[in-house]
Amino acid sequence: MPQPVIIGPSVLSADFLRLGEQLRELEAAGADYIHFDVMDGVFVPNISIGLPVLEATRRGTSLPIDVHLMIVNPDRWVEEFAAAGADTITFHAEATPHAHRVVQTIKACGKQAGISINPATPVVAVEEMLPFIDQVLVMTINPGFGGQTLIEETLGKITRMREMIERINPNCRLQVDGGVNVHTVRRVVEAGACSLVAGSATFATDSTIAENIAALRDGYS
């Protein structure tokens with residue numbers, strides 16, 4: 001049976017002056033989880049948010065929080081992010097030679113484990129990890145900045161990842177992040193994604209958060 005499609009707004013695109021208010025709006029609008037992007041200025045060319053904001057986000061919502069570590073040496077920080085409120089912790093295959101060790105640490109903290117790959121990284125880079133993880137994140141933009149346009153060539157990559165997941169671990173979620181909006185969401189879902197990260201599309205100010213999430217759901221329904 002196909003997995004249901006779920007939407008996780010990325011708080012990187014939120015108005016941090018109104019974060020608590022917007023977290024309540026996301027819950028009321030039917031968001032399925034909160035996506036939390038952590039950038040270190042080394043693995044990606046930007047610095048974003050970290051532990052204090054995650055702790056505040058945890059206090060501000062009952063939704064699951066999906067932490068995406070775009071950082072080097074992710075194994076150093078797993079326990080801290082788990083303690084700060086993460087429910088799922090996703091790290092990059094490109095960021096560590098010890099992916100199994102990172103997953104073991106995540107699981108030891110009682111959290112779900114995810115692994116992510118950048119647009120230029122082939123799907124086979126995570127094949128050996130599929131039996132051990134709960135989520136694969138396929139980046140459809142080069143990570144580091146919100147509001148980018150989906151790289152069209154990554155749609156075929158989503159399909160190849162879906163085929164690999166079905167063969168090895170059908171319970172693993174296939175998440176996509178990057179350029180997901182009302183114009184691209186149907187193709188992303190048809191390619192095989194079941195978990196959609198949407199930042200700019202959720203917090204676009206020309207409509208309400210509820211209207212934006214509803215438009216995304218209408219886009220693939």
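Start at 1 with the first residue, then count along the sequence. Only a predicted model underlies this, so the values are computations on that prediction, with no experimental measurement involved.
Rounded to the nearest 0.5 Å, atoms CD1 (I209) and CD (E27) are 11.5 Å apart. Annotation: the span from R186 atom CZ to S221 atom OG amounts to 7.5 Å, rounded to 0.5 Å. Going from atom CD of E152 over to atom OG1 of T184 covers 8.5 Å, rounded to the nearest 0.5 Å. Rounded to the nearest 0.5 angstrom, I71 CD1 and F91 CZ are separated by 11.0 Å.
Using modelled atom types, no side-chain atom of S207 and backbone atom of N212 make a donor-acceptor pair closer than 3.5 Å. With hydrogens and angles ignored, the 3.5 Å screen pairs no side-chain donor or acceptor of E21 with any backbone N or O of R18. Not a single donor-acceptor pair under 3.5 Å links the side chain of T154 to the backbone N or O of K157. Within the 3.5 Å criterion, the main-chain N or O of A198 finds a donor-acceptor partner in the side chain of T202. Of the possible polar contacts, none joining the Q175 side chain to the V197 backbone as a donor-acceptor pair under 3.5 Å is found. Between the T140 side chain and the I151 main chain, no donor and acceptor come within less than 3.5 Å of each other. In this structure, the side chain of N73 does not engage the main chain of R76 through any donor-acceptor pair within 3.5 Å. Of the possible polar contacts, one joining the D40 side chain to the V42 backbone as a donor-acceptor pair under 3.5 Å is found. When atom types are taken as modelled, the side chain of N118 and the backbone of T121 share no donor-acceptor pair closer than 3.5 angstrom. Looking at T159, its side chain does come within 3.5 Å of a backbone N or O of A191 through a donor-acceptor pair.
Ion pairing between a basic and an acidic side chain is recognised when a charged N comes within 4.0 Å of a carboxylate O; D87 and R58 show such pairing. The pair E55-R59 fails the salt-bridge criterion, with no side-chain N (NZ, NE, NH1 or NH2) lying under 4.0 Å from an Asp/Glu carboxylate O. Salt bridge D66/R173: absent, no basic N to carboxylate O contact under 4.0 Å. The residues K107 and D134 are annotated as salt-bridged, a charged nitrogen and a carboxylate oxygen being separated by less than 4.0 angstrom. Contact check on R162 versus E190 returns no salt bridge, with no Lys/Arg side-chain nitrogen under 4.0 Å from an Asp/Glu carboxylate oxygen.
Contact annotation: the side chain of H35 approaches that of D177 to within less than 4.5 Å [non-hydrogen atoms, C-beta and beyond]. Within the 4.5 Å cutoff, the side chain of V188 has no heavy atoms near those of the Y220 side chain. Side-chain contact between Y33 and P9: absent, with no pair of heavy atoms (C-beta onward) separated by less than 4.5 Å. Using a 4.5 Å cut-off on side-chain heavy atoms (C-beta onward), D75 and H98 make no contact. Using a 4.5 Å cut-off on side-chain heavy atoms (C-beta onward), I34 and L23 make contact. The closest side-chain heavy-atom distance from T88 to K111 is not below 4.5 Å. The shortest side-chain heavy-atom distance between I49 and L54 does not fall under the 4.5 Å cut-off. Counting heavy atoms from C-beta outward, V124 and M164 have side chains that approach closer than 4.5 Å.
The minimum heavy-atom distance linking H92 with L69 is given by the pair CD2-O, 3.7 Å. The minimum heavy-atom distance between V102 and P74, with the atom names listed, is CG2-CG, 4.4 Å. Closest of all the heavy-atom pairs between I117 and V123 is CD1-CA, 4.1 Å. Nearest approach of I141 to G179, heavy atoms of both residues: CG2-N, 4.1 Å. When all heavy atoms are compared, the tightest approach of L63 to A31 is CD2-O, 3.4 Å. Pairing each heavy atom of R187 with each of L155, the nearest pair is NH1-CD1, 3.8 Å.
Under the 4.5 Å side-chain heavy-atom criterion for ILVMFWY residues, a single connected hydrophobic cluster contains both M129 and V138. Note on F203 and I7: same hydrophobic cluster, where clusters join Ile, Leu, Val, Met, Phe, Trp and Tyr whose side-chain heavy atoms are under 4.5 Å apart, directly or indirectly. Clustering ILVMFWY residues whenever any of their side-chain heavy atoms sit less than 4.5 angstrom apart, transitively, puts V182 in a cluster other than the one holding I6. F43 and V67 fall into different hydrophobic clusters, defined by Ile, Leu, Val, Met, Phe, Trp and Tyr side-chain heavy atoms under 4.5 Å apart, directly or through other members. Under the 4.5 Å side-chain contact rule for hydrophobic residues, I65 and V53 share a cluster.
When ring centroids are compared, H100 and F132 come within the 6.0 Å threshold.
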_Walk me through whether S116 and V136 qualify under side chain to side chain contact (heavy atoms under 4.5 Å, CB included)._
CA-CA 6 Å; S116 180; V136 173; over 6 Å; no
_Worked check of side chain to side chain contact (heavy atoms under 4.5 Å, CB included) between L26 and T61_ = CA-CA 9 Å; L26 290 171; T61 184; over 6 Å; no
*Could you walk me through whether C172 and I133 pass the side chain to side chain contact (heavy atoms under 4.5 Å, CB included) test, one step at a time?*
CA-CA 7 Å; C172 180; I133 59 174; 4.2 Å; yes
*Could you walk me through whether T90 and Q135 pass the side chain to side chain donor-acceptor pair (under 3.5 Å) test, one step at a time?*
CA-CA 8 Å; T90 298; Q135 173 173 283; 3.1 Å; yes
_Is there a side chain to side chain donor-acceptor pair (under 3.5 Å) between E79 and T105? Walk through the geometry before answering._
CA-CA 7 Å; E79 292 175 347; T105 305; 5.9 Å; no
*In sequence, state the C-alpha distance, the side-chain angles, and the governing distance for M39 and L12, and then conclude on side chain to side chain contact (heavy atoms under 4.5 Å, CB included).*
CA-CA 10 Å; M39 308 177 190; L12 188 64; 3.4 Å; yes
